[in-house]
Amino acid sequence: MAEFLSLHDAVARYVTDGATVAMEGFTHLIPFAAGHEVIRQKKRDLTLIRMTPDLIYDQMIGAGCASKLIFSWGGNPGVGSLHRLRDAVEKGWPHQIEILEHSHAAMANAFEAGASGLPLAVLRGYIGSDLPKVNDQIKFIECPFTGERLAAVPAIRPDVSIVHAQKADRNGNVLVKGIIGVQKEAVLAATHSIVTVEEIVDELDVHANACVIPGWVISAVVEAPAGAKPSYTHGYYSRSNKFYKDWDAIARDREAFTAWLDEHVFAAGQDNGDTA
Amino acid sequence: MAEFLSLHDAVARYVTDGATVAMEGFTHLIPFAAGHEVIRQKKRDLTLIRMTPDLIYDQMIGAGCASKLIFSWGGNPGVGSLHRLRDAVEKGWPHQIEILEHSHAAMANAFEAGASGLPLAVLRGYIGSDLPKVNDQIKFIECPFTGERLAAVPAIRPDVSIVHAQKADRNGNVLVKGIIGVQKEAVLAATHSIVTVEEIVDELDVHANACVIPGWVISAVVEAPAGAKPSYTHGYYSRSNKFYKDWDAIARDREAFTAWLDEHVFAAGQDNGDTA
Amino acid sequence: MSERYDSSEMMTVTAARALHNGQSCFVGIGLPSEAANLARLTHAPDVVLIYESGTLQTKPEVLPLSIGDGELCETALTTVSVPEMFRYWVQGGQIDVGFLGAAQVDKYANLNTTLIGDYTQPKVRLPGGGGAPEMATCTGEIFITLKHSKRTFVDAADFITTVGFGRDGTARDNVPNIGRGPTRIITDLCVMQPDTQTKELTVTSLHPGVTRAQVEEATGWAIRFAADLGETPEPDDHELEVLRDLKARTEKHHSEA
Amino acid sequence: MSERYDSSEMMTVTAARALHNGQSCFVGIGLPSEAANLARLTHAPDVVLIYESGTLQTKPEVLPLSIGDGELCETALTTVSVPEMFRYWVQGGQIDVGFLGAAQVDKYANLNTTLIGDYTQPKVRLPGGGGAPEMATCTGEIFITLKHSKRTFVDAADFITTVGFGRDGTARDNVPNIGRGPTRIITDLCVMQPDTQTKELTVTSLHPGVTRAQVEEATGWAIRFAADLGETPEPDDHELEVLRDLKARTEKHHSEA
């Protein structure tokens with residue numbers, strides 16, 4: 001059953017040094033508030049999993065939280081590179097990180113397989129691509145019925161998944177709405193899960209087939225208004241495209257990045273629900 | 001792109017003798033009107049696929065439409081046996097039919113694999129069950145990552161799938177709501193598909209993540225009000241539990257069944273949109 | 001047997017008590033559904049009931065006649081597709097208890113819902129596996145409830161639709177990612193549990209007024225009794241009242257249409 | 001080149017015209033998105049646009065900056081999960097055309113969006129595969145649009161992120177359940193198509209005013225020209241007006257927040 005925690009306490013309890021962490025949200029509902037809390041608590045040696053690392057992982061990698069990244073598209077959408085990711089991969093700053101690279105189809109299937117309790121995902125994938133040459137986690141199996149060669153990748157089973165959503169009710173049941181990405185799969189695939197929400201309400205007030213994640217499969221629910229900014233929350237606020245564009249210049253320069261981090265993450269402190 | 005057809009014309013065009021046909025709807029939204037049209041048109045030698053054959057296949061089997069049944073639970077829910085199915089299997093009336101029997105998990109996965117364009121579904125299934133001894137379509141594979149033995153079944157790819165839904169818009173986009181079963185998967189997995197709906201409306205008027213099947217993946221949309229009776233359509237009418245109970249006595253007796261069929265299917269004729 | 005309740009009520013109340021508050025329970029139609037809803041309406045208000053039609057965390061006012069009654073969807077937290085139900089929820093390991101019925105249960109708690117007799121020439125054809133085969137292996141544990149008779153409790157099932165502990169009690173040994181299987185069988189006469197060593201079903205408590213001889217007479221093998229054989233606690237008045245109300249509501253509802 | 005339009009406009013209009021009304025199109029962000037929406041707003045009002053964020057049949061008023069802009073969801077027929085997008089819609093074979101961009105395209109239409117240089121010591125690290133590797137094999141065919149230069153059109157891609165026809169043009173031969181792959185590459189200079197025999201990219205039409213020499217100069221291999229080399233039809237005024245409106249709306253929208 002979901003426990004209502006402060007963001008500080010949820011991250012302190014479930015994001016341990018060395019953990020495998022998936023923070024999902026496909027452009028929409030990216031859990032930035034939680035990412036900043038991970039940075040503030042100086043978590044280290046994390047294996048970070050995310051289809052699109054986006055600015056959230058650029059920031060966490062630049063802040064030195066990660067030792068490994070598993071991803072399938074590592075850019076600043078519509079803008080260009082993730083400079084902190086590139087600096088870590090290409091020049092080892094602040095330290096070297098290992099990368100393991102997939103296609104979106106493979107990662108989406110791997111999350112789905114994790115949610116399904118399977119050890120592997122089977123897909124018609126990677127045909128003719130060089131990716132299997134540089135990712136030893138991609139294997140191939142033969143269909144016992146047709147003989148067709150199909151790709152297989154290990155299921156994603158994070159130690160902890162963190163996602164953001166619109167709202168939770170008082171039993172911790174969560175509504176995710178709009179571009180739902182792999183959020184539900186990330187939560188179901190993980191040993192522990194933290195869901196940050198814009199608000200906690202008496203009734204979710206949803207139709208029969210909405211994307212609802214029941215409270216009893218979630219470890220912690222955290223009220224974190226604006227917790228996805230500068231990404232967006234459908235029905236609450238829009239994406240700050242300006243911030244995504246501005247990030248390019250900030251992240252390009254180590255000093256500018258460090259100054260940004262000090263001012264906007266460390267000095268800002270937690271802005272929600274600290275009970276510590 | 002979906003074509004709007006009469007029930008007669010849709011069945012005449014897409015349900016050909018010898019075809020593999022899936023008529024889905026998990027208790028809810030069972031496409032009875034379409035089933036009766038298949039009976040009226042005296043289709044023969046069909047391979048019928050359905051997780052729960054229910055009364056609809058009991059009627060079609062009793063009427064002599066089927067040569068094979070693929071299923072996972074063959075009872076009259078809450079009442080007892082499907083007597084026409086049993087009479088065909090046990091006594092060969094009106095003729096012998098072949099059965100291929102799965103678990104729900106395997107069939108649900110096989111529909112999902114069919115919708116996913118895969119030749120097989122992989123599941124953690126059939127452990128310790130005798131079903132693999134009597135169904136040669138159940139095989140086992142070894143996970144290349146963990147060595148775990150997992151079940152594999154062929155994907156379901158019907159020649160034609162028929163489902164019932166609440167409504168379609170004028171472009172043939174369909175809303176399925178409530179207990180959605182494997183309807184979407186059945187449509188996507190099939191070469192052709194017929195969707196009968198309670199009504200055709202100007203706007204579906206749905207929320208972002210409703211279960212909507214786009215018109216461009218459907219072959220034919222048919223307006224068939226009350227097309228799921230004696231099953232039910234969420235938001236339109238309830239299940240006739242009384243009919244399900246009464247069916248037990250009707251189906252138990254070949255003559256009573258034949259009389260029922262003559263009166264309620266053949267003599268009744270089509271009650272919707274015949275353009276023939 | 002008391003005059004306060006009959007043996008069916010004793011069975012249902014005992015089955016209901018097996019569920020703990022907060023557990024997630026995959027519910028089979030019929031007796032399991034009756035017991036699981038009684039639990040929800042009495043000592044376990046936060047038990048999470050899941051039906052294979054895709055209805056998650058449902059709270060039906062009346063017992064469903066079928067696994068996909070509209071009532072289940074209307075009172076559910078949410079309703080998912082059937083593939084998602086079996087992939088994410090059953091196989092995904094999100095369900096603590098599977099609550100099943102059966103036509104035949106054998107000495108090693110294997111369940112038969114497929115047929116009596118031989119597969120190609122059945123004496124009686126039963127509905128088949130449905131959700132049970134994977135529920136029995138993917139959930140944390142399984143409770144089974146059905147009436148006690150020689151026809152239902154047999155030495156060896158004609159067909160193992162759903163595995164308990166296999167033909168020799170070892171079917172779960174060394175199998176990865178498998179649940180504990182049947183941990184409790186609740187009948188109208190007694191409660192049985194698998195022996196911790198052999199996995200053979202053993203009577204662990206007799207319902208009030210039931211004798212060993214009655215159980216032996218109704219069981220198709222030489223049934224054993226636990227050394228510390230107890231007496232099953234009686235239903236209390238509140239449980240009986242809630243159960244009778246539920247059944248009356250249900251009967252009224254389903255006779256209407 | 002005409003004074004009515006510039007080479008970018010020529011490219012986008014030509015790319016847009018490649019799409020037919022009623023086709024389902026999986027749309028990459030950037031130039032493909034611009035072309036696909038132009039098609040929808042001109043000759044192909046019923047083209048079905050699909051973005052990998054799960055938005056099916058979307059009709060954005062302005063071009064998205066990212067693949068998951070709110071606009072895409074708000075104007076879509078429906079929005080599905082990302083696993084469903086890749087399983088049911090891409091792999092399920094429901095998509096006629098995949099419309100892609102790339103950082104590098106080679107002689108056999110292989111696409112590189114991973115890196116320039118060596119994998120372990122990249123000169124330039126690019127974003128990676130995203131949806132492209134499976135889009136290129138699971139959809140009916142692929143259109144590619146990007147600007148022509150020696151840096152982008154290379155003899156052999158440093159890394160094959162997404163297969164065209166492989167290192168020797170035979171990668172799709174005898175592979176079951178595979179689409180036709182890249183059938184058309186639209187640049188700001190010309191249209192290229194794979195040779196029917198060798199699969200080597202060959203210029204099939206030059207944009208008005210463009211010379212063979214210009215294309216040769218901008219291509220990293222000895223590019224061939226089709227025997228029946230044609231001239232690409234010019235954009236008409238309506239297309240140019242709609243395109244300019246779309247770009248102006250888009251720029252205004254994205255500069256606001």
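Within every chain, numbering begins at 1; the chains are lettered A, B, ... in the order of the sequence lines, protein sequences first and strands thereafter.
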Practice task
Select one option (side chain, backbone, both, neither) describing which atoms of C:Val175 are under 4.5 Å from chain B's heavy atoms.
Solution key: side chain
Handout entry: CE on C:Met85 to CD1 on B:Ile180, rounded to 0.5 Å
Key = 10.5 Å
Problem - C:Arg125 with B:Glu101: basic N within carboxylate O range, under 4.0 Å - result: yes
Practice task
Measure the shortest side-chain to side-chain distance between C:Thr161 and B:Asp130 over non-hydrogen atoms and say whether it is less than 4.5 angstrom.
Solution key: no
Completion exercise
Ranking C:Pro64, C:Gly54, C:Gly70, C:Gly164 by heavy-atom pairs under 4.5 Å to chain B gives rank one to C:Gly70
Handout entry: Minimum heavy-atom distance C:Pro83-B:Val182, with the two atoms named
Key = CD-CG1, 3.4 Å
Handout entry: Heavy atoms of other groups near C:Arg244 CZ, more than 12 under 6.0 Å
Key = yes
Problem - Under 4.5 Å from any heavy atom of chain B - which part of C:Ser53 - result: both
Exercise for the section: Compare all side-chain heavy atoms of B:Phe26 with those of C:Ile67 and state whether any distance is below 4.5 angstrom. Expected result: yes
Exercise for the section: Please examine the side chains of C:Ser81 and B:Glu185, heavy atoms only from C-beta on, and report whether any two atoms are closer than 4.5 Å. Expected result: yes
Completion exercise
Greatest number of non-hydrogen atom pairs under 4.5 angstrom with chain B, of C:Thr79, C:Thr162, C:Thr120, falls to C:Thr79
Fill in the blank from the handout: Correct closest heavy-atom pair for B:Ile179 and C:Cys73 would be CG1-CB, 3.8 Å
Fill in the blank from the handout: Cut-off 4.5 Å, heavy atoms of chain B, and the answer for C:Arg167 is side chain
Problem - Closest-packed option against chain B by number of heavy-atom pairs under 4.5 Å, given C:Gly129, C:Gly130, C:Gly128 - result: C:Gly130
Handout entry: Residue selection (most heavy-atom pairs with chain C, distance under 4.5 Å) from B:Pro53, B:Ala106, B:Gly78
Key = B:Gly78
Handout entry: Contacting moiety of C:Glu52, where chain B heavy atoms sit under 4.5 Å
Key = both
Problem - Selection from C:Asn110, C:Leu126, C:Thr78, C:Val124 maximising heavy-atom pairs under 4.5 Å formed with chain B - result: C:Val124
Practice task
Select one option (side chain, backbone, both, neither) describing which atoms of C:Ile178 are under 4.5 Å from chain B's heavy atoms.
Solution key: side chain
Problem - Within-4.5 Å side-chain heavy-atom neighbours: B:Ile99 and C:Tyr119 - result: yes
Practice task
State, yes or no, whether a side-chain contact exists between B:Arg124 and C:Glu134 at a heavy-atom distance under 4.5 Å.
Solution key: no
Exercise for the section: Verify the neighbour count for atom CZ of C:Arg151: are there more than 12 heavy atoms of other residues, nucleotides or ligands below 6.0 Å? Expected result: no
Exercise for the section: For chain C, find which of B:His28, B:Met51, B:Glu90 contributes the most heavy-atom pairs closer than 4.5 angstrom. Expected result: B:Glu90
Practice task
Check whether C:Asn177 gets within reach of chain B through its side chain, its backbone, both or neither, counting any heavy atom under 4.5 Å.
Solution key: both
Handout entry: Any B:Lys242 side-chain heavy atom under 4.5 Å of C:His254 side chain
Key = no
Completion exercise
What one should report as the nearest heavy-atom pair of C:Pro127 and B:Phe71 is O-CE1, 3.6 Å
Problem - Portion of C:Ile29 that has a non-hydrogen atom of chain B nearer than 4.5 angstrom - result: neither
Problem - Portion of C:Pro176 that has a non-hydrogen atom of chain B nearer than 4.5 angstrom - result: both
Exercise for the section: Side-chain contact test, heavy atoms from C-beta onward, threshold under 4.5 Å: evaluate it for C:Glu74 versus B:His234 and give yes or no. Expected result: yes
Practice task
Could you tell me which portion of C:Phe159 (side chain, backbone, both or neither) has an atom closer than 4.5 angstrom to a non-hydrogen atom of chain B?
Solution key: both
Practice task
Just give me the residue among B:Leu123, B:Thr52, B:Val89, B:Asn76 that pairs up with chain C most often, heavy atom to heavy atom, under 4.5 Å.
Solution key: B:Leu123
Practice task
Find out whether B:Trp73 and C:Thr113 are in side-chain contact, i.e. whether some heavy atom of one side chain is under 4.5 Å from a heavy atom of the other.
Solution key: no
